[in-house]
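Notes follow once the structure below has been shown.
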Amino acid sequence: MQAEALQSNVVSESVRAFLSFTTEDKPLVDALRAQIGQQHPQVELLDHAVTDSYEEDWKRECARKIGRSAMLICLVGAKTHRSEAVAWEIDHGLSLGKRIVAVNLTATGVRVPEVLVRNAIKPRQGIAGMVLTPASAPVLEREAHGHSR
């Protein structure tokens, strides 16, 4: 995984983010989760994997977790553009007015999911510390509307 170094910002309040990704990317996601946990213990990362099928129970649980989160981070890998579940999570986050940040999991070019293209959200390379702090809201708002920093 090609990731930028996380900045060591001191943040006293906790930040909750929902991670949207495909199961094929789980090893990369686990590595990212461990890195964030070590460097930013105030960050709580939520997700809800599709286990059996794309069911209403799954949607209900994801909706609850997305609703509890301050933002949604879409982790873009090689097959993310094919995932109906990721598209649904992003659409739901947008419908709730959540900040959406997309992050490429690999250094190589991957196809950007249509839901991100449609909403002018461009994936960034790696996660910088500003993504994970409450003080980052103005920057994240620009990113959520497709403007890069």
Side-chain angles (χ1 to χ4, degrees), residues 1-52 54 57-113 115-116 119 121-145 148-149:
M1 175 172 63
Q2 181 95 12
E4 297 173 8
L6 293 171
Q7 297 171 358
S8 59
N9 295 336
V10 177
V11 179
S12 58
E13 65 182 280
S14 92
V15 178
R16 186 176 294 131
F18 185 88
L19 295 178
S20 182
F21 59 92
T22 61
T23 55
E24 292 89 356
D25 292 324
K26 184 124 174 59
L28 292 173
V29 172
D30 288 345
L32 177 72
R33 192 183 285 277
Q35 181 182 11
I36 291 170
Q38 289 175 344
Q39 296 180 9
H40 296 278
Q42 79 284 359
V43 176
E44 179 183 1
L45 298 173
L46 305 176
D47 66 75
H48 193 73
V50 177
T51 51
D52 295 322
Y54 188 58
D57 287 341
W58 171 84
K59 285 183 181 179
R60 202 171 6 266
E61 186 61 20
C62 279
R64 184 183 71 77
K65 289 179 179 180
I66 292 169
R68 291 180 47 220
S69 300
M71 63 187 302
L72 187 146
I73 303 172
C74 177
L75 302 172
V76 181
K79 296 183 181 178
T80 307
H81 68 282
R82 297 181 188 162
S83 175
E84 289 181 28
V86 168
W88 184 89
E89 290 166 351
I90 294 167
D91 275 335
H92 186 71
L94 287 167
S95 76
L96 296 176
K98 300 295 179 179
R99 293 185 303 269
I100 309 293
V101 175
V103 178
N104 283 327
L105 284 173
T106 62
T108 59
V110 295
R111 186 168 168 195
V112 177
V115 65
L116 295 176
N119 289 284
I121 301 169
K122 296 178 183 176
R124 58 190 303 137
Q125 280 304 125
I127 292 183
M130 68 174 192
V131 171
L132 304 173
T133 65
S136 65
V139 173
L140 293 172
E141 282 301 322
R142 286 195 302 275
E143 289 183 5
H145 293 92
S148 57
R149 49 185 179 134

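As a basis for the values below, the full set of heavy atoms in this structure was taken, side chains included, without hydrogen atoms, waters or symmetry mates.
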Compile the donor-acceptor pairs under 3.5 Å between side chains in residues 68-81 and protein atoms, sequence neighbours left out, one pair per line.
residue: Ser69; atom: OG; partner: Lys65; partner atom: O; Å: 2.8
residue: Thr80; atom: OG1; partner: Gly77; partner atom: N; Å: 2.7
residue: Thr80; atom: OG1; partner: Gly77; partner atom: O; Å: 3.4
residue: His81; atom: ND1; partner: Ala78; partner atom: O; Å: 3.4

Decide yes or no on side chain to side chain contact (heavy atoms under 4.5 Å, CB included) for His92 and Glu89, but give the supporting numbers first. CA-CA 5 Å; His92 186 71; Glu89 290 166 351; 5.8 Å; no

Hey, could you give me the CG/CG distance between Asp25 and Leu32, rounded to the nearest 0.5 Å? 11.0 Å

Work out which heavy atom in Leu116 is nearest to a heavy atom in Ala102; give both atom names and the distance. CD1-CB, 3.7 Å

Within 6.0 Å of CZ in Arg111, more than 12 heavy atoms from elsewhere: no

Of all heavy-atom pairs linking Ser20 and Val86, the shortest is OG-CG1, 3.4 Å

On a heavy-atom basis, which atom in Asp47 and which in Leu19 lie closest, and how many Å separate them? CB-O, 3.4 Å

Would Leu96 and Ile66 satisfy side chain to side chain contact (heavy atoms under 4.5 Å, CB included), going step by step from the backbone distance to the final call? CA-CA 9 Å; Leu96 296 176; Ile66 292 169; 4.0 Å; yes

